Amino acid sequence: MKLPDFPWDSLAEAKATAAAHPGGIVDLSVGTPVDPTPELIQRALQGASDAHGYPQVWGTPDLREAIAAWFARRRGATYVDPDGVLPTIGSKELVAWLPTLLGLGPGDEVGFPAVAYPTYDVGARLAGATPRPAQGLLEYGPKAPKLLWLNTPSNPTGAVLGLEHLKKVVAWARQHGVIVASDECYAELSWTSDEPTPSLLDDRVTGGDPTGLLAVYSMSKQSNLAGYRAAFVAGDPALVKQLVEIRKHAGMMVPWPVQRALLAAVGDDEHVAVQKSRYADRRTTLRTALEAAGWRIEHSDAGLYLWTTREEPCRDSVAALAQQGILVAPGDFYGAAGQRHVRIALTASDERIAAAAERLRA
């Protein structure tokens, strides 16, 4: 099995150039939260620090019930069964291992968007399956993949799939016997609505039947919990049971203090609104400066990134911005279809975002 090189390793030269700027580097190449973890979550973690016993792989009943209640409250998914909920060690590990956990292997295909986070491709390769990126369902023709990944809101583009689109995907998947997994970890950060973006598990999409469907969610972005590795998957109870059984054998369990922190996080909406407001301000500052400097923003309707182009090869854009002390991610990290774009993260302090804006205006 051969895996691709880790994409961010290729940014070493651009990073060195940006770091040499007299005002210091503004690193907008990764989506790593920089703001404090909310105190109520820290307190929950601290209160569970006497963790002398093994945690439950499946998660405690109260945690799974709280996550199901969160889906009903925030995602329009009132039919999520606590038995169809599983906490995970961050969402990236589940994305990487889901094809393997589902028993996929040689001869099977894993579908995902043509412009997508690299881990969908890596997960297919880890299982020995074939990665199959596509612009749309029609590209799959008569042979459908065993697993189809959706990513809404998209990383890197910020594009959002609407309810009607999701309903069509579900109908197609059930017709062809395809498992659909939707990576939705930026859903609360919608910039076109006060409400979260639509979920695959929304009642209007599933009709109350989650068979063959999984939604993956992370608290890293909305709750500044990237260092906790706190996430979960929910949907079809039969599929979740399969995941639980294999993860028991593999020892893939979320630590008890993190489960308690996750319980606190899903039960509180106020801290999410506060964090969204911070990102909204940074987004406005950065977007205004980019557009004034001749960059075009595409999609970017939700999430932590601006998908940006000035109609040149993405590595040229990376190099030009590095000269201004700004480090960004080239679009080719996310597939050949992104080779004329760059992804610019909002995850920097107010001071660093302001510095980037000032340099773009100069």
Side-chain angles (χ1 to χ4, degrees), residues 3 6-8 29-60 62-64 66-68 70-71 74 84-101 117-120 122-123 126 149 151 153 155 181-189 214-235 240 243-244 246-268 271-272 275 279 303-305 345 347:
L3 297 178
F6 188 64
W8 277 263
S29 67
V30 292
T32 299
V34 299
D35 300 304
T37 300
E39 288 188 9
L40 83 157
I41 301 175
Q42 292 189 48
R43 289 195 299 268
L45 185 83
Q46 293 161 1
S49 59
D50 182 14
H52 48 271
Y54 289 110
Q56 295 182 27
V57 172
W58 199 3
T60 57
D62 63 342
L63 174 58
R64 291 187 282 110
I67 292 171
W70 176 86
F71 268 104
R74 300 299 300 164
V85 172
L86 167 69
T88 63
I89 312 162
S91 60
K92 185 173 182 177
E93 66 94 343
L94 186 77
V95 172
W97 292 109
L98 184 62
T100 298
L101 295 172
Y117 192 64
T119 310
Y120 307 118
V122 168
L126 287 172
W149 276 107
N151 181 205
N155 174 13
S182 182
D183 180 352
E184 302 177 351
C185 72
Y186 298 92
E188 286 279 6
L189 301 174
L214 296 170
V216 181
Y217 204 81
S218 168
M219 307 306 285
S220 294
K221 314 304 183 183
Q222 70 181 50
S223 302
N224 299 325
L225 285 187
Y228 284 50
R229 311 314 299 135
F232 47 85
V233 61
V240 169
L243 303 182
V244 170
I246 297 173
R247 291 170 74 91
K248 284 180 180 178
H249 285 292
M252 301 171 76
M253 60 188 79
V254 176
W256 167 254
V258 176
Q259 291 195 34
R260 296 295 91 187
L262 179 55
L263 176 62
V266 297
D268 180 75
H271 77 275
V272 181
Q275 188 58 42
Y279 283 132
L304 288 181
Y305 311 104
T347 48

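Fair warning: this is a prediction, and the values are worked out from it, not measured in the lab.
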Sub-4.5 Å side-chain heavy-atom contact between [X] and [Y]:
X	Y	result
L214	S182	no
T347	Y279	yes
L86	R64	no
V85	V240	no

Item checked: Between CG on residue N155 and OG1 on residue T119, distance to nearest 0.5 Å -> 9.0 Å
Note to self: Assess the residue pair L189 and Y305 against the criterion (side chain to side chain contact (heavy atoms under 4.5 Å, CB included)); give the C-alpha distance rounded to whole Å, side-chain angles, the decisive distance to 0.1 Å, and a yes or no.
What the structure shows: CA-CA 10 Å; L189 301 174; Y305 311 104; over 6 Å; no
Considering all heavy atoms of both residues, which atom of [X] and which atom of [Y] are nearest to each other, and what is their separation?
X	Y	value
S223	P38	O-CD, 3.1 Å
Q222	Q275	O-CB, 3.8 Å
S220	P33	O-CG, 3.3 Å
A265	M219	CB-CE, 3.8 Å
E184	P153	O-CD, 4.4 Å

Margin query: The test is side chain to side chain contact (heavy atoms under 4.5 Å, CB included); show your working for L243 and T88 and say whether it passes.
Written below: CA-CA 10 Å; L243 303 182; T88 63; over 6 Å; no
Item checked: Any donor-acceptor pair under 3.5 Å from T37 side chain to N224 backbone -> yes
Next item on the list: Evaluate side chain to side chain contact (heavy atoms under 4.5 Å, CB included) for I41 paired with H271, printing each intermediate quantity in order.
Entry: CA-CA 10 Å; I41 301 175; H271 77 275; 3.9 Å; yes
Next item on the list: Step through it carefully: locate the ring centre of Y217, locate the ring centre of F71, and say whether they are under 6.0 Å apart.
Entry: no
Item checked: Ring centre gap for F232 and W70 strictly below 6.0 Å -> yes
Check: For R247 and I89, what are the C-alpha separation, side-chain angles and deciding distance, and is it a side chain to side chain contact (heavy atoms under 4.5 Å, CB included)?
Finding: CA-CA 11 Å; R247 291 170 74 91; I89 312 162; 4.2 Å; yes
Acceptor/donor pairs from residues 248-263 side chains to any protein atom, 3.5 angstrom cut, sequence neighbours excluded:
unit_1	atom_1	unit_2	atom_2	d
Q259	OE1	T60	N	3.4
Q259	NE2	Q56	O	3.1
Q259	NE2	V254	O	3.0
R260	NH1	D62	OD2	3.0
R260	NH2	T60	OG1	2.6
R260	NH2	D62	OD1	2.9

Notebook entry, point to check: Regarding Y117 and D183, is there a side-chain donor-to-acceptor distance under 3.5 Å anywhere?
Noted result: no
